[in-house]
**Student:** 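Handing you a structure now.
Values in this document were obtained by computation on a predicted structure and should not be read as measured data. The sequence lines fix the lettering, A, B, ..., with proteins before strands; numbering per chain opens at 1.
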Protein chains: 4
Amino acid sequence: MINVGIIGVTGYAGEELLDILLRHPQVRIRSVSAKVDKPVKIQEIFPKFTGRTDLFCNTPDLKEIISLCDVVFLALPHTVSMGIVPRLLQAGKRVIDLSADFRLKDLKVYEKFYQVKHTDKDDVKDAVYGLPELYRQDIKTAKLIANPGCYPTVSILALAPLVALGFIQTETIVIDAKSGVTGAGRKIAEGFLFSEVNEDFKAYKVNVHQHAPEINQELSKLAGKKLKVTFVPHLLPLNRGILATIYAQKNQKVVNSQGQKLINLYKKFYKKEPFVRVREERDYPRLKDVIHTNFCDIAIKEEKERVIIVAAIDNLLKGASGQAVQNMNIMHGFGEQTALV
Amino acid sequence: MINVGIIGVTGYAGEELLDILLRHPQVRIRSVSAKVDKPVKIQEIFPKFTGRTDLFCNTPDLKEIISLCDVVFLALPHTVSMGIVPRLLQAGKRVIDLSADFRLKDLKVYEKFYQVKHTDKDDVKDAVYGLPELYRQDIKTAKLIANPGCYPTVSILALAPLVALGFIQTETIVIDAKSGVTGAGRKIAEGFLFSEVNEDFKAYKVNVHQHAPEINQELSKLAGKKLKVTFVPHLLPLNRGILATIYAQKNQKVVNSQGQKLINLYKKFYKKEPFVRVREERDYPRLKDVIHTNFCDIAIKEEKERVIIVAAIDNLLKGASGQAVQNMNIMHGFGEQTALV
Amino acid sequence: MINVGIIGVTGYAGEELLDILLRHPQVRIRSVSAKVDKPVKIQEIFPKFTGRTDLFCNTPDLKEIISLCDVVFLALPHTVSMGIVPRLLQAGKRVIDLSADFRLKDLKVYEKFYQVKHTDKDDVKDAVYGLPELYRQDIKTAKLIANPGCYPTVSILALAPLVALGFIQTETIVIDAKSGVTGAGRKIAEGFLFSEVNEDFKAYKVNVHQHAPEINQELSKLAGKKLKVTFVPHLLPLNRGILATIYAQKNQKVVNSQGQKLINLYKKFYKKEPFVRVREERDYPRLKDVIHTNFCDIAIKEEKERVIIVAAIDNLLKGASGQAVQNMNIMHGFGEQTALV
Amino acid sequence: MINVGIIGVTGYAGEELLDILLRHPQVRIRSVSAKVDKPVKIQEIFPKFTGRTDLFCNTPDLKEIISLCDVVFLALPHTVSMGIVPRLLQAGKRVIDLSADFRLKDLKVYEKFYQVKHTDKDDVKDAVYGLPELYRQDIKTAKLIANPGCYPTVSILALAPLVALGFIQTETIVIDAKSGVTGAGRKIAEGFLFSEVNEDFKAYKVNVHQHAPEINQELSKLAGKKLKVTFVPHLLPLNRGILATIYAQKNQKVVNSQGQKLINLYKKFYKKEPFVRVREERDYPRLKDVIHTNFCDIAIKEEKERVIIVAAIDNLLKGASGQAVQNMNIMHGFGEQTALV
């Protein structure tokens, strides 16, 4: 049984975290906090939790959080986390940060995309990128988890086997991703009003989205060379879920060889993964298959010269809070699927 | 051919007005304005109008508007219109005000529900309530039209025949109304975010909505006595349309008599109306029947002691901008349906 | 640990049942069945269950089901259940029937509304109406549960305290109910196509819905006299949830007395109920508060002469499968909230 | 003034056609037909048309249609049109066919993708592909218009300038297209039920869709060589609109040259087109900009080696019925925008 705290409980990721952790048999939630004028019952903010918890939401008091918790989840806006992490780490706490602050190892890239100076460079080095399928060993002993972004989670999982094996021409990778609206957080802006989004669909940040460098960083590591994908996100008129359709040219060597079917490579690659499901041929995932689950579903359509990959996750679960709890489970030796199935 | 201006073109009602008036063969749009930092092409605000108009949107300059226009539409937030109307009227312009500022004859009620002092009491008296089905004669010569609210339009049209004839017990009237989200205007607030409204449904301002006194005022006039309806609005997860389900007990006299079917009274009452369609028995309107039209569809289910009425409009057309143009057409002797069918 | 079977697993209620029962620690699912051409893996029907179960869906084989299961859930269309129930009961199985076949004690009413002869009249008498808030004692020992309809569940819970206490004029009760589309089941008909329902809203079966007699039966028992509500259902363009807005006149005696606030009576009435939440004054439930939960939220707005009640449930949980599992928990002495929170 | 008929008025395209043609000042609708049991008022099928027309919908009677109409629109399922077209042409009628039957010049391809023998091979040769931006001259005198598919319309318009100029490596073209649900017609199938589509998103017919050969045929003609695009359609949970995101590598020659910006080539290419709007740099179309209009909006993001194009149309207007009326306007020398703006 461990004691956990959530800072930033009022956003969509924080709300989802609370929902999961309330069901977790080895967790005691000791502190939930966010910017509030005065302590307020969680059920006044989220009436749906009435009868499930009597927790109060307070303005974060780091001293108290440190005294109460073993693990702290940060569900905060980008650039806020890095102001808090050092103190938590110094107090010996383990931290799972859902923001982007500790994901990018190249701080110049971070500062360019997030338009802010990074103030905690030391901890960036030690942060573990919290994608269990690639870094499970490091996660076990990590002090600071940089929980991956939603688009990077689905994109990296969809491409990892091919990139690691050197089977595709990496300069031809196109990631056409479509996300539900909670991906943007509870942001109050005209562009996220119901009447603006409903019955609409659009591309945005066309090949300039801040998640692209995160994808590039991880795929480059797998490829053993620097690569740069083409990444175009779109906004779907629905609440949750990301579906990415990914295109790439095979390497000429692979085209010519009579090797194994790529789908079998995927099955082997993800054989032991509890949350990656490689779909059968011609059986493509739809969002319904993954929303309200922590699974990432991946289908591969292999053509002679080209590969098309369709992959899907719930952006609030495998793309954020579910993956954060998966990381916590790994860190503490709990069953990896606990509270997630 | 008349010259018109729209003040407040950037809201949903203003946008819809522009769309209608661009199709109107007897109208020249001379001025469109709203709070903008600098003059900006309409197509930059609303790309959908590209190729249909080259108008610029300016910050409202009353002097210029007066010099250019014969009729001015005000698609402004409540409490803003009353600061502008006097000057327009003094300059001899005809004004169609889509806000609530001139709808309520009892200023105490206005001030209670809109939480502001009324600053143009004189013009309230002369304003004509712009519901053509009740006030067509007055509209013809009106200088100032108080264009009805969306809920009042559908509620009053649905109840007028029964109330005017004294056939129902007015204290038993229940109006359970459901509106799409554009009814709230382009309001940037958490409650109108996509992820909040989508897959949700709720009642709001339960029997305390500011449109209730407007309904009460007009039905009381028809009844010849003060009445007070029960009015509960709800927010639908869709863009446009209002559907109201209305319940009332018949008067005992009517219950006992073997009079005409109520549906026939409705048909007679609205016989000459171009925009009211009384539906056949057991044929209830759905929103699809009326959205993107200026029609109000009404069905009556008559039971022994009780009446159930289902009525529907498009809140942006018959409930706002369509009705405003209908009023303009009447004021200028144009075909009443021009640009509306 | 008990052995359970689900007949009719491919509908929305069956799918939801499976989802709940897979999480239930005291349940072993031994059989899931539905009309299928040949045995098929559940994950081929519902890819979302991949990795959670290896069950096959078969065409129902009663003999096998009887040999394997202690409890059988029937998630079948109305009029099909009654052909199966007798054999299950004779074999000593406990049955939870989610259809309407055993809900109405007056078979003439059943036959009128469902347009079919009832073929199992004997078992109707012994069936227990599975609304735990009213019949918990009987449920404990019941052999056959008639699991309530979705509209009746929310309507009866919303009205029970007032009707039981005789505080309202029952002939004035109006239930204006709005349901998401899964309430209709996985019915393949033009009226349920996406393009028909999306951006639409309508009333249907206006005061002739088959759930009205169920509401009338239960409220009449509470009132100690025959009553008949006015009930108008509407179809919401969303997946799950029912919200009912209910209106009634107080009894004159209650109007005149200076008694307890009605909200306090509700709180007392539902004090020990794990799944009914009486909301505070002016805090009305929205669907978001209850979907994906087994709760029924109820708010009371008390006026001088009239009462307005707003109540909400998830039609697939408290309105169907969640309530079915709640009944199962009660029947077997499990914690009533097991697998439901 | 011409006399027109619509065969297949009850589908989405037929309904939209009727809506447009009722507003067309130079058109008299003489016949509307579809499979119906007996003649039925249009307003009974589509209550929204009440008050706008008194037409009856009949089962198609070709003899009568021929005697009444100058132009006949066929809004019929694929493979049905080809049974009707010969008789209409022999009678000297001009035909605008919205189905796929006369679009593909290579009948082997047609027969492979539509799984049926073609029974009217002669007329295929003479049919004009009704994309005004490419074939306006031929359309003027055409007897038979093969009205383009929705995906091909947006895809061809988005790619035509680059392909015609030989600026991209055609084997790298990826078309990732997303369509609203009306694109599938009023098809009654489980996959199009509201509860299946709502809150869902998926790819379908991944690189095997029947519109791909239509795109390939037209782009190949422009390129002067056979090409084959990668085409993946997706189903959006909304009623109308298609947005395509298109990716291609530039030709090395173009990469190296310091030529004109591609956006300027597009502007030149579509300079005189009334219904193609080339958007400014970094100003991407969203569906809202084009739905309920006949416009195709196109944005070009030019990178060093790659081009990304985002294009959008309303699938029922520019993608079907609007384009059909545009073709009719061209055929009869009417203003091309008549009834379409």
Side-chain angles (χ1 to χ4, degrees), chain A residues 169 171-180 191 195-208 228 230-249 282-292 299-301 303 305-312, chain D residues 169 171-180 191 195-208 228 230-249 282-292 299-301 303 305-312:
Chain A
Q169 300 174 41
E171 70 280 11
T172 68
I173 297 173
V174 167
I175 302 171
D176 189 290
K178 302 88 174 174
S179 174
S195 308
E196 296 299 310
V197 174
N198 184 45
E199 294 297 288
D200 195 21
F201 180 70
K202 65 175 175 187
Y204 67 100
K205 298 191 183 174
V206 176
N207 216 12
V208 297
K228 195 166 167 312
T230 295
F231 174 65
V232 179
H234 300 73
L235 188 67
L236 286 169
L238 51 82
N239 285 351
R240 43 203 297 166
I242 294 182
L243 189 136
T245 315
I246 301 177
Y247 307 85
Q249 296 293 127
R282 282 182 300 280
D283 177 29
Y284 300 96
R286 48 196 285 213
L287 287 187
K288 293 237 168 191
D289 299 341
V290 297
I291 57 173
H292 295 293
I300 300 98
K301 179 171 172 62
E303 306 197 329
E305 312 231 341
R306 189 183 275 278
V307 174
I308 303 171
I309 307 158
V310 179
Chain D
Q169 301 174 41
E171 70 280 10
T172 67
I173 297 173
V174 168
I175 301 171
D176 189 290
K178 301 89 175 174
S179 173
S195 308
E196 296 299 310
V197 175
N198 184 45
E199 294 298 287
D200 194 21
F201 179 71
K202 64 175 175 186
Y204 66 101
K205 297 191 184 175
V206 176
N207 215 12
V208 297
K228 196 166 167 312
T230 294
F231 174 66
V232 180
H234 301 73
L235 188 67
L236 286 169
L238 51 82
N239 285 350
R240 43 204 297 166
I242 293 181
L243 189 135
T245 315
I246 301 176
Y247 307 84
Q249 295 293 126
R282 281 181 301 280
D283 178 29
Y284 300 96
R286 48 196 282 211
L287 286 188
K288 293 236 169 192
D289 299 341
V290 298
I291 57 172
H292 295 293
I300 300 96
K301 180 172 172 64
E303 308 198 327
E305 312 230 342
R306 190 182 275 277
V307 174
I308 303 170
I309 306 158
V310 179

**Student:** Taking A/K178 for its side chain and A/D176 for its backbone only, find out whether a donor-acceptor pair lies under 3.5 Å.
**Tutor:** yes
**Student:** Would you mind checking which part of D/E196 comes under 4.5 Å of any heavy atom in chain A, side chain (CB onward), backbone (N, CA, C, O), both or neither?
**Tutor:** both
**Student:** Between A/E199 and D/P237, what is the shortest heavy-atom contact and its length?
**Tutor:** OE2-O, 4.3 Å
**Student:** Using a cut-off of under 4.5 Å on heavy-atom pairs, state which of A/H234, A/R286, A/E171 scores highest against chain D.
**Tutor:** A/R286
**Student:** Counting heavy-atom pairs closer than 4.5 Å to chain D, which one of A/N239, A/I308, A/L238, A/N198 comes out on top?
**Tutor:** A/L238
**Student:** Quick check on D/K288 against chain A: is it the side chain, the backbone, both or neither that has a heavy atom closer than 4.5 Å?
**Tutor:** both
**Student:** Name all residues meeting the side chain to side chain donor-acceptor pair (under 3.5 Å) criterion together with A/T230; count only those two or more places apart in sequence or in a different chain, and write none if there are none.
**Tutor:** D/R306
**Student:** Roughly how far, to the nearest 0.5 Å, is CZ of A/F201 from CD1 of D/I242?
**Tutor:** 12.0 Å
**Student:** Pick whichever of D/I291, D/T172, D/V208, D/N207 has the most heavy-atom pairs under 4.5 Å with chain A.
**Tutor:** D/N207
**Student:** Please classify the contact of D/V174 with chain A as side chain, backbone, both or neither, using a heavy-atom distance under 4.5 Å.
**Tutor:** side chain
**Student:** D/L243, D/T245, D/V206: which one forms the most heavy-atom pairs within less than 4.5 Å of chain A?
**Tutor:** D/V206
**Student:** Is A/L235 close to chain D through its backbone or its side chain, or both, or neither, when contacts mean heavy atoms under 4.5 Å?
**Tutor:** neither
**Student:** So for D/D289, is it side chain, backbone, both, or neither that comes closer than 4.5 Å to the heavy atoms of chain A?
**Tutor:** neither
**Student:** Below 4.5 Å from any heavy atom of chain D, which atoms of A/Y284 appear? Answer side chain, backbone, both or neither.
**Tutor:** side chain
**Student:** Picking from D/Q249, D/R240, D/E303, D/R282, which has the most non-hydrogen pairs under 4.5 angstrom with chain A?
**Tutor:** D/E303
**Student:** Give a yes or no answer on whether the side chain of A/D200 reaches the backbone of D/L287 with a donor-acceptor pair at less than 3.5 Å.
**Tutor:** yes
**Student:** I want to check something: taking the side chain as every heavy atom from C-beta on, are D/V310 and D/P285 in contact at a cut-off of under 4.5 Å?
**Tutor:** yes
**Student:** Might you point out which heavy atoms bring A/Y247 and D/I175 nearest each other, and give the distance in Å?
**Tutor:** OH-O, 4.4 Å
